[in-house]
Amino acid sequence: MAAQVTAFKRLEYNVCGELLLKNVLQVGQAFRWILEEETGHYYTTMMIPTISVSSGIVILRQTDDSVVEYAYSHEKWTSEQVERHLFSYFRLDIRLLEVHEKEWKLTDPNFAHVSTQGVRILAQEPWETLVSFICSSNNNISRITKMCHGLAENFGTQVGKYCGTVLYSFPTSEQILENGTEDQLRKLGFGYRAKYIMETAKAVVAEKKKHGLDYDYQLLEQMTTRGQSYEMSREYLMQFTGVGPKVADCVCLMGLRMDHVVPVDVHIGRIAKRDYNITATKKELAELKSEYNNLPITRKKVNLELDHIRRQLFEKWGTYAGWAQGILFFKEVGSTNGSTSEGKIKKRKLEKTTEVTPIDDKTFLKLKVAKVEA
DNA sequence: ACAGACCCTACAGG
DNA sequence: ACCTGTAGGGTCT
């Protein structure tokens with residue numbers, strides 16, 4: 001049965017120059033947005049934790065450089081709440097063009113001829129961000145996308161049907177731990193990351209119990225954001241298997257709203273050396289190392305060379321350094337290699353034939369017949 | 001410290 | 001049409 005979806009409403013915010021959906025939703029930051037090519041609709045399931053921990057469907061379309069419209073399907077959501085959530089999800093509190101003009105252009109000559117192209121950093125759900133980026137190690141975007149959808153389809157809760165596709169929530173740590181095995185994840189194409197996912201799910205379930213928390217997002221937010229320094233947050237995240245400095249930084253930036261954090265991957269590393277001539281002296285590396293004396297996990301996992309690059313780029317770009325990174329990353333690989341053609345994602349998704357776990361009656365959302373505006 | 005190994009697969013390139 | 005090689009938003013041992 002198809003989900004009952006609201007009519008499209010305009011986001012009451014002029015996104016001109018601030019947000020281009022195609023440069024944000026499918027370039028290796030979020031991995032579960034599906035593009036319906038004929039209509040240009042993007043849709044996915046997501047949670048609005050402040051309202052309910054059950055997921056709903058969100059549909060977006062950009063009709064114009066300055067106009068984004070949204071529709072949704074969830075019994076408890078109101079359009080005001082959804083709009084507020086989208087404002088937060090897209091971090092529209094931050095003025096990209098203003099940051100470009102008043103910060104990056106002033107401290108970095110490279111940004112004089114780099115346009116922001118509507119690339120923004122999202123505020124995603126922390127647990128999904130963590131799992132997604134564990135999947136990202138030594139991997140390409142199209143397979144990460146496939147894996148994230150695989151997790152939802154096999155371990156998530158059915159949310160509803162939209163555009164002929166049955167949609168599932170992103171699974172909780174319990175759903176993965178209780179219904180999944182390493183073998184099964186390997187069969188789903190996770191490779192060696194299967195073990196990382198299972199061990200992290202197990203550890204997160206245990207951590208929640210230890211801290212008396214019910215939900216994954218609560219654990220990650222409380223153990224990292226609340227009164228914690230970035231360094232301590234990263235130390236906490238890196239306790240999980242499959243989480244090194246780069247993955248931890250991605251979670252901090254895209255899941256925990258730490259705008260200054262610059263995840264350094266091979267591409268950013270290349271940019272740092274090629275365009276910024278960043279190299280560390282022995283002395284600088286030694287100083288960095290001593291700073292991690294009291295952080296045993298970080299000390300063990302960090303790559304000092306890359307950490308030096310991360311720091312240099314933060315010093316160059318400042319408060320929104322992570323956003324600057326996002327823009328340069330997109331410029332470097334987003335428009336070629338990184339952006340798996342949307343059609344391929346869709347096609348691959350439909351071709352996929354994997355076992356699907358039975359739906360939990362209690363959590364299954366009863367949704368009525370579709371009434372989608374054309 | 002530091003290579004190598006690690007799962008898988010979409011692409012090139014022949 | 002096949003075939004082989006390579007690299008992909010790293011992490012672990």
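All chains are named by letter (A, B, ...) in the order of the sequence lines, taking the proteins before the strands, and each is independently numbered beginning at 1. Worth knowing before you read on, the calculation uses all heavy atoms, side chains too, and leaves out hydrogens, waters and symmetry mates.
Here A/Phe329 packs flat against the base of C/dG9; its ring centre is closer than 5.5 angstrom to the base's six-membered ring, tilted by less than 30 degrees.
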Review item, side-chain donor-acceptor pairs of residues 320-329 of chain A, under 3.5 Å, at least two apart:
from     : atom 1 : to       : atom 2 : distance (Å)
A/Trp323 : NE1    : A/Asp259 : OD1    : 2.9
A/Gln325 : NE2    : A/Gly322 : O      : 2.9

Side-chain polar contacts of residues 94-104 of chain A - donor-acceptor pairs under 3.5 angstrom, sequence neighbours left out - could you list them?
from     : atom 1 : to       : atom 2 : distance (Å)
A/His100 : NE2    : A/Phe111 : O      : 2.9
A/His100 : NE2    : A/Val114 : O      : 3.0
A/Glu101 : OE2    : A/Lys105 : NZ     : 2.8

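Remark: P of C/dG8 and CD of A/Glu332 are 11 Å apart, rounded to the nearest angstrom. Atom NZ of A/Lys187 is separated from atom C1' of B/dC8 by 16 Å (rounded to the nearest Å). Taking atom CD1 of residue A/Ile141 and atom C1' of nucleotide C/dG10, one finds them 14 Å apart after rounding to whole Å. To the nearest angstrom, C1' of B/dC7 lies 6 Å from CZ of A/Arg143. Protein atom CG of A/Leu185 is 19 Å distant from nucleotide atom P of B/dC6, rounded to whole Å. Distance, A/Asn138 CG to B/dC6 P: 12 Å, rounded to whole Å.
Listed by chain and residue number, A/Glu174, A/Asp216 satisfy the salt bridge (Lys or Arg N to Asp or Glu O under 4.0 Å) test with A/Lys208 (two or more places apart in sequence, or in another chain). The ring pair (Phe, Tyr, Trp, His ring centres under 6.0 Å) test applied to A/Tyr89 returns no partner, not counting sequence neighbours. For A/Glu291, the salt bridge (Lys or Arg N to Asp or Glu O under 4.0 Å) criterion is met by A/Arg311, not counting sequence neighbours.
Between A/Arg193 and C/dT11, a side-chain N or O to OP1/OP2 separation shorter than 4.0 Å is absent.
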Report all interatomic pairs (protein N or O, nucleotide N or O of nucleotides 1-3 of chain B) with separations under 3.5 Å.
from  : atom 1 : to       : atom 2 : distance (Å)
B/dA1 : OP1    : A/Lys289 : NZ     : 2.4

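Nucleic acid contact class of A/Gln325 (heavy atoms, under 4.0 Å, all strands): base.
A/Val53 forms part of a hydrophobic cluster together with A/Met47, A/Tyr215, A/Tyr217, judged by ILVMFWY side-chain heavy-atom separations under 4.5 Å. Membership of an apolar cluster is not assigned to A/Leu20, as no side-chain contact below 4.5 Å to another ILVMFWY residue is traced. Hydrophobic cluster membership of A/Leu288, counting Ile, Leu, Val, Met, Phe, Trp and Tyr whose side-chain heavy atoms lie under 4.5 Å apart directly or via other members: A/Met232, A/Leu285, A/Tyr292, A/Leu295, A/Val302, A/Leu304. In this structure, A/Leu106 stands alone, with no Ile, Leu, Val, Met, Phe, Trp or Tyr side-chain heavy atom under 4.5 Å from its own, directly or through other members.
Residue A/Tyr192 places a side-chain atom within donor-acceptor reach of the base of C/dG10, judged by atom type and a 3.5 Å distance cut-off alone.
For DNA chain C, each stem of at least three Watson-Crick or G-U pairs (distances under 3.5 Å) is given as range with range: B:3-6 with C:10-13, B:8-14 with C:2-8.
Remark: A/Gly244, A/Pro245, A/Lys246, A/Val247 in residues 244-251 of chain A come within less than 4.0 Å of DNA chain C through at least one heavy atom.
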